[in-house]
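Predicted, not measured: the structure shown is a model, and the values here were computed from it. Only this structure's heavy atoms are used, side chains among them; waters, hydrogens and symmetry mates stay out.
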Amino acid sequence: MPLTYPRPSLLREIADNCGTPVMIYDEDALRQTMREYTGSFKSEMFETSVLYASKAFLCKAMAKAALEEGLHFDAVSGGEIYCLAGAGVPAEKIHFHGNNKTPREIEEFFRMGRGHIIVDNCDELTLVIETAERMASPMDIIIRVNPGVEAHTHEYIATATKDSKFGISIDREDEIRRMIEAAENCPHLSFKGFHSHIGSQILEVEAFAAEIRVMFDFVDRVQQQWGVEVEELDLGGGFAISYTEKDNPPATEEVCSRIIALCEEEITRRKLDIRRLMIEPGRSIAGDAGYTLYTAGCRKMTDSKSFIFVDGGMADNIRPALYNAEYTCRNITRDNAKADRTYALAGKCCESGDILIKEARLPETFPGDLILVHSTGAYGYSMASNYNRLPRPAVVFTSGESYRTVIRRETYEDMMTLDVE
């Protein structure tokens with residue numbers, strides 16, 4: 001659970017000027033976490049890169065901040081790449097992910113310049129080769145493999161189970177070998193190495209250790225038995241944050257130093273020539289630095305529950321409904337009052353599952369009170385929708401005692417702009 005949050009008077013000022021619901025990011029905290037990653041994910045043995053996983057939260061202001069702090073980027077769609085380009089991010093700092101990149105998206109990325117495409121499957125590689133040959137443009141290629149390491153996380157965010165939709169099973173060596181040969185036979189493509197990712201909200205460092213052991217064993221076989229040079233290895237992301245007091249994630253410095261030490265050990269023991277190692281934090285950068293501020297509305301009592309309704313809900317944070325994500329909150333209006341009541345904090349969407357927090361500990365709460373939900377910075381705005389024709393919230397960045405709007409609140413008129421009479 002975050003120990004700090006914007007002061008109540010600043011939150012009230014934001015609510016008065018920007019309305020609610022509103023998403024608030026502590027820009028100082030964002031940058032501090034970025035610096036912790038770039039400062040601790042280092043080695044004298046190989047080059048390192050920290051890639052911000054854009055899917056967690058992306059806008060031009062976020063991209064510019066990450067770029068200024070020396071991060072590279074993981075993007076999963078043409079839209080994310082378009083946003084990054086608009087923020088001044090060059091192709092060489094972008095790794096294009098996704099399990100079903102469209103021909104248009106692939107071509108658009110080639111037009112940006114030489115970056116990395118993380119190839120998910122054989123059909124996708126065929127599209128990449130066809131595009132590279134047609135456009136005569138260079139591109140670096142990384143193949144995503146599924147290491148079969150299962151992190152203890154929700155099934156919807158586990159990505160390395162046997163039947164995951166992501167990557168190629170590490171056991172399908174013939175298929176992977178054919179893909180490498182196909183990429184190397186294209187004069188415009190350069191095969192660089194492999195990518196793996198074992199899931200999200202990983203609280204145990206040992207899960208990363210297991211991934212590293214499996215991946216380096218695989219790289220060793222590829223180099224020794226196939227004679228293929230593997231220059232780069234991307235270990236993905238999944239670094240956890242504290243949503244509630246039950247979560248106890250390792251510190252950024254701890255997990256980074258552990259990953260670096262294990263990789264250095266494997267490289268030395270196996271005499272490998274890995275030249276670049278990458279990780280992809282997203283949630284752990286954006287999550288704890290972000291909050292959602294709501295205004296409490298009506299109350300309702302049932303035989304067993306006390307409801308507090310807020311002016312947002314699953315349209316701006318679908319995670320509780322999607323995979324039972326848990327959050328903590330506080331009543332900013334009565335910040336000094338004892339939190340001695342239990343409420344179901346519910347949204348305004350017409351779904352019974354629109355419950356943000358099933359058992360929220362709050363002081364007695366009244367209509368008009370401001371409710372702050374912690375740690376909503378990752379996948380809140382990114383997954384927001386216009387369900388029930390609700391406008392998406394504004395997003396503001398705070399720094400010290402000041403704030404600025406980085407995404408304006410969507411209006412009814414905005415939502416109508418795509419309607420064709």
Side-chain angles (χ1 to χ4, degrees), residues 1-5 25-26 28-46 48-53 55-57 66 69-72 74 147-161 195-216 233-267 277-291 319 323 325-328 374-379:
M1 178 177 176
L3 299 177
T4 62
Y5 58 97
Y25 285 87
D26 183 334
D28 298 329
L30 286 172
R31 289 179 180 270
Q32 177 60 32
T33 305
M34 293 174 188
R35 290 167 190 164
E36 289 173 0
Y37 270 110
T38 57
S40 57
F41 191 68
K42 286 185 175 181
S43 171
E44 295 182 358
M45 188 175 293
F46 44 75
T48 57
S49 294
V50 177
L51 281 59
Y52 174 62
K55 63 183 179 178
F57 169 68
E69 297 299 337
L71 273 65
H72 292 224
D74 153 4
V149 176
E150 298 188 22
H152 297 295
T153 187
H154 192 281
E155 63 177 310
Y156 287 5
I157 52 178
T159 59
T161 56
H195 172 278
S196 65
H197 182 73
I198 58 175
S200 297
Q201 187 60 4
I202 299 169
L203 294 161
E204 302 170 353
V205 177
E206 183 54 35
F208 295 109
E211 176 192 13
I212 288 167
R213 287 190 289 268
V214 170
M215 287 304 299
F216 273 96
L233 184 60
D234 188 334
L235 296 172
F239 309 104
I241 65 170
S242 294
Y243 285 105
T244 71
E245 293 179 349
K246 294 184 296 183
D247 299 324
N248 186 29
T252 300
E253 295 88 343
E254 176 187 348
V255 68
C256 286
S257 61
R258 175 72 169 148
I259 289 173
I260 291 292
L262 287 169
C263 291
E264 289 178 341
E265 179 183 319
E266 290 288 336
I267 288 173
L277 192 74
M278 294 159 281
I279 54 172
E280 301 170 347
R283 178 200 312 268
S284 56
I285 290 175
D288 277 342
Y291 312 81
R319 294 184 70 253
Y323 33 68
E326 297 181 342
Y327 291 91
T328 57
H374 291 275
S375 301
T376 60
Y379 305 107

In this structure, OG of Ser257 is separated from CD1 of Ile260 (nearest 0.5 Å) by 9.0 Å
Next item on the list: Determine, stepwise, if the pair His195 / Glu280 fulfils side-chain contact (heavy atoms from CB on, under 4.5 Å).
Entry: CA-CA 11 Å; His195 172 278; Glu280 301 170 347; 3.3 Å; yes
For residues 29-44, the salt bridge (charged side-chain N to carboxylate O under 4.0 Å, His left out) pairs (sequence neighbours left out) are Glu27-Arg31, Arg31-Glu68, Arg31-Glu69, Arg35-Glu69
- request: Decide yes or no for Asn248 and Leu203: does some side-chain heavy atom of the first lie under 4.5 Å from some side-chain heavy atom of the second?
  value: no
Heavy-atom nearest pair, Ala209 first then Leu262, reads CB-CD1, 3.5 Å
**Q.** Minimum side-chain heavy-atom gap Asp288-Thr33 below 4.5 Å
**A.** no
query = Can you check whether Ser375 reaches Ile241 side chain to side chain, under 4.5 Å on heavy atoms?
reply = yes
- Message: Quick one, Tyr243 and Arg319 - any side-chain contact, counting heavy atoms below 4.5 Å?
- Response: yes
- Derivation of the side-chain contact (heavy atoms from CB on, under 4.5 Å) call for Val149 and Met215: CA-CA 10 Å; Val149 176; Met215 287 304 299; over 6 Å; no
Q) Any side-chain heavy-atom pair from Ser284 and Val255 closer than 4.5 angstrom? A) no
Between Pro249 and Ala240 the two heavy atoms that sit nearest each other are CB-O, 3.7 Å
Query raised in the report: With no hydrogens and no angle check, is any side-chain donor or acceptor of Tyr5 less than 3.5 Å from a backbone partner on His374?
Result: no
Review point. Are Glu265 and Arg213 within salt-bridge range, i.e. N to O under 4.0 Å?
Key: no
Tightest non-hydrogen contact, residues Ser43 and Glu264, listed as OG-OE2, 2.6 Å
**Q.** Check: Ile202 and Phe208 side chains under 4.5 Å, non-hydrogen atoms
**A.** yes
Separation between OG1 (Thr244) and CD (Glu326), nearest 0.5 Å, reads 5.5 Å
Side-chain touch Phe46/Leu233, heavy atoms, less than 4.5 angstrom: no
Interatomic distance, CG@Leu51 vs CD1@Ile279, rounded to 0.5 Å, equals 9.0 Å
Note: Phe216 and Cys263 closest approach over all heavy atoms is CE1-SG, 3.6 Å
(Q) Between Tyr379 and Lys55, is there a side-chain heavy-atom distance shorter than 4.5 Å? (A) yes
Stepwise side-chain contact (heavy atoms from CB on, under 4.5 Å) test for Ser196 and Asp234:
CA-CA 6 Å; Ser196 65; Asp234 188 334; over 6 Å; no
Are Tyr52 and Tyr37 close enough that their ring centers fall under 6.0 Å? no
TODO: Examine distances only and state if a side-chain atom of Thr48 and a backbone atom of Phe41 form a donor-acceptor pair shorter than 3.5 Å.
DONE: yes
When every non-hydrogen atom of Ala53 is compared with those of Gly282, the smallest separation belongs to CB-CA, 3.7 Å
In terms of heavy-atom contacts, Leu30 and Ala286 come closest through CD2-CA, 3.8 Å
